**Student:** 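Just dropping this structure here.
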Amino acid sequence: MGYSPNEASAAVSRCGIDAPLSELVDFISAAHLSKEADAEMDKLYFSSHPLQKDKKRKLPKEKSHSIKRYPKIERKRRDDDDDALHLPNPMIGFGVPRESFQVVSRTLRREAIGPPYFLYENVALTPKGVWNTIKSHLYEIEPEFVDSKFFCAAARKRGYIHNLPLNDRFPIQPLPPRSIFQALPATEKWWPSWDDREQLNCILTCVGSAQLTDRIRTALEKYDGVPDKHVKKYVMGQVKKWNLVWTGKNKVAPLEPDEIELIMGYPLYHTRGYSRSERYKGLGNAFQVDTVAYQLSVLKSLYPEGMNVLSLFSGIGGAEVALHKLGIPMKNVVSVEKSNVCRRIIEGWWEQTNQEGKLIHVSDVREVTDGKLEGWIRSFGGFDLVIGGSPCNNLAGGNRRTRDGLEGEHSSLFFDYVRILDTVKIIMGTT
DNA sequence: AATAAGATGAACAACGTT
DNA sequence: AACGTTGTTCATCTTATT
């Protein structure tokens, strides 16, 4: 039962860090560079997506007499009491690398304009109305919904609200592998032809059980070649639900923590030294580094001397890692994180990467009082970036028990993010 | 006491059909 | 327009094991 150290180290060698890059996802190109920010926003969020339109157009045959190309959207626009946000499809936000569609400008309310810059993150698929509430507390800025499958080998649908510039974004180099085979080359020899996955589903905090692996193996061993239709369907359903990969004949297994570290954009062994449960939890709750870094990349030219960062709900330090990988120096970082395991992970990383800046740890957002903020701001000369994703526990689809919305026990800490951001802006005199 | 393992659906969007 | 189908999801809790 469980996974032996041998399996674990074998799993490390499954990772293809230096695998060459090639196109695997079939992108539809579209050249749109709009100067009309508002028109673009409207197109992006209140109508069908431009890429989707092109996709439709490229289909060989189309029933052109049909008026109902987007029945759902039409229905929504009529019915909804503006409590449902439109998720872009494909979920590429204001643009992703290697895709010509880009939104390069937008208009923000005066009180939303930085500095300080800020970036807020949470899961895209919340209960209805949540993102509208979040948006209403963050200067009515339109969320940017991005799926990390455009940056790495796993899906990760997230919403980001930020006041960052949009022009001249750039990704971390080298671009990470985006297919399963590139990210996990050793799985290819065991991969059945009838498993058509090219990318993984979202990395969660829990993994599939060994019993499930056994059940799937038993089901497959009855067959010599291709299994029956219903067995195939059962297996595909389970491997997708639990994000399993092929590690042997008729054998599937969950991803190893080391593999997840690389897919999520962290250094290998970023979370090493802690229990598997802690590693899965920390990584499952984390930023996908490349995705966030793409949005933060515009700060590099603005802060060549480095930044003062207020990192809320830091987790395993996704924001810090992203800035570091972008080559943006950190002068002072105030990192707020409840879990002491996560705090130690950040501290370890801070040491290992020889950071010259100063790291200050706070264990609870409620300890971040006006007075503390005032002290830091006086000492540093202000925060340049306030970044963080508040707890998603009560919003996430995987939560069977307490998915009770933004007012839930943990997710309501969002309002502390708002409180702290507001206070920082007031003290810095930008409102 | 810490850790691992296993069991536990529903909400919601996307897509298809009628 | 309406309705059914398919698919995805930063989790929580209890129990067993170390």
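Chain A is the first sequence line, chain B the second, and so forth, proteins listed ahead of strands; every chain is numbered from 1. The model shown is predicted, which means the values in this text are computed figures rather than measured ones.
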**Student:** Has A:K157 got a side-chain N or O lying under 4.0 Å from the OP1 or OP2 atom of C:dT9?
**Tutor:**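 Yes, because at least one side-chain N or O of A:K157 sits under 4.0 Å from OP1 or OP2 of C:dT9.
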**Student:** Return the value, rounded to whole Å, for the distance between atom NE2 of A:H410 and atom P of C:dC10.
**Tutor:**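 These atoms are roughly 16 Å apart.
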**Student:** Between A:R217 and A:D214 (salt bridge meaning N to carboxylate O under 4.0 Å), is one present in this structure?
**Tutor:**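 Salt bridge flag = yes for A:D214 with A:R217.
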**Student:** OP1 or OP2 of C:dC10 less than 4.0 angstrom from a side-chain nitrogen or oxygen of A:N394, does that happen here?
**Tutor:**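 For C:dC10, OP1/OP2 do not have a side-chain N/O of A:N394 under 4.0 Å.
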**Student:** If I take atom CG in residue A:D147 and atom C1' in nucleotide C:dG7, what distance separates them, rounded to the nearest angstrom?
**Tutor:**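 Those two atoms, CG and C1', are 14 Å apart.
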**Student:** Would you classify A:C392 as touching base, sugar-phosphate or nothing, given that sugar-phosphate means primed atoms plus P, OP1 and OP2, and contacts are heavy atoms under 4.0 Å?
**Tutor:**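 Here A:C392 touches the bases of the nucleic acid.
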**Student:** For the side chain of A:Q211, starting at C-beta, report the closest nucleotide among C:dC10, B:dA14, B:dA7.
**Tutor:**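 My answer, after comparing the listed nucleotides, is B:dA7.
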**Student:** Compare the minimum distances between each of B:dG6, C:dT12, B:dA13 and the side chain of A:T402, then state the nucleotide with the smallest one.
**Tutor:**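 Side chain of A:T402 sits closest to C:dT12.
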**Student:** Tell me whether the rings of A:Y266 and A:H270 are parallel (<30°), tilted (30 to 60°) or perpendicular (>60°).
**Tutor:**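 Ring orientation, 0 to 90° scale: tilted.
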**Student:** From the options C:dT12, C:dC10, B:dT8, select the nucleotide whose nearest atom is closest to the side chain of A:N393.
**Tutor:**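 Per side-chain heavy atoms of A:N393, the pick is C:dT12.
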**Student:** Closest-nucleotide mapping onto DNA chain C: is A:K233 or A:G284 further toward the 5' terminus? I mean the 5' end.
**Tutor:**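 So the residue in question is A:K233.
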**Student:** Is the distance from OP1 or OP2 of B:dC12 to the nearest side-chain N or O of A:T126 less than 4.0 Å?
**Tutor:**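 No, A:T126 has no side-chain N/O under 4.0 Å of OP1/OP2 on B:dC12.
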**Student:** Rounded at 0.5 Å granularity, tell me how far CG in A:L359 sits from OG in A:S311.
**Tutor:**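 A:L359 atom CG to A:S311 atom OG measures 9.0 Å (nearest 0.5 Å).
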**Student:** How far apart are the closest heavy atoms of A:V146 and A:Q295, and which atoms are they?
**Tutor:**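 Nearest pair, atom of A:V146 first, then A:Q295: CG2-NE2, 4.4 Å.
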**Student:** Report the distance from atom NZ of A:K128 to atom C1' of B:dA13, rounded to the nearest whole Å.
**Tutor:**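 So the NZ-C1' distance, A:K128 to B:dA13, works out to 9 Å.
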**Student:** Distance between the C1' atoms of B:dT8 and C:dT9, in whole angstroms?
**Tutor:**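 Pairwise C1' distance, B:dT8 against C:dT9, rounds to 15 Å.
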**Student:** On a plain distance test, is the side chain of A:R400 in donor-acceptor contact with the base of C:dC13 below 3.5 Å?
**Tutor:**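 No.
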**Student:** Where each residue is assigned the nucleotide of DNA chain B containing its nearest heavy atom, which of A:S277 and A:G398 is assigned the position nearer the 5′ end?
**Tutor:**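 The residue whose closest nucleotide sits nearer the 5' end is A:S277.
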**Student:** Look up atom CD in A:E142 and atom NZ in A:K135, then write down how far apart they are to the nearest 0.5 Å.
**Tutor:**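 A:E142 CD to A:K135 NZ: 4.0 Å, rounded to 0.5 Å.
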**Student:** Both distances under 3.5 Å, Watson-Crick or G-U wobble: report the partner of B:dG9, or none.
**Tutor:**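 Pairing partner: none.
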**Student:** Both distances below 3.5 Å, Watson-Crick or wobble geometry, any strand: find the nucleotide opposite C:dC10.
**Tutor:**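 Per the H-bond distance test, none.
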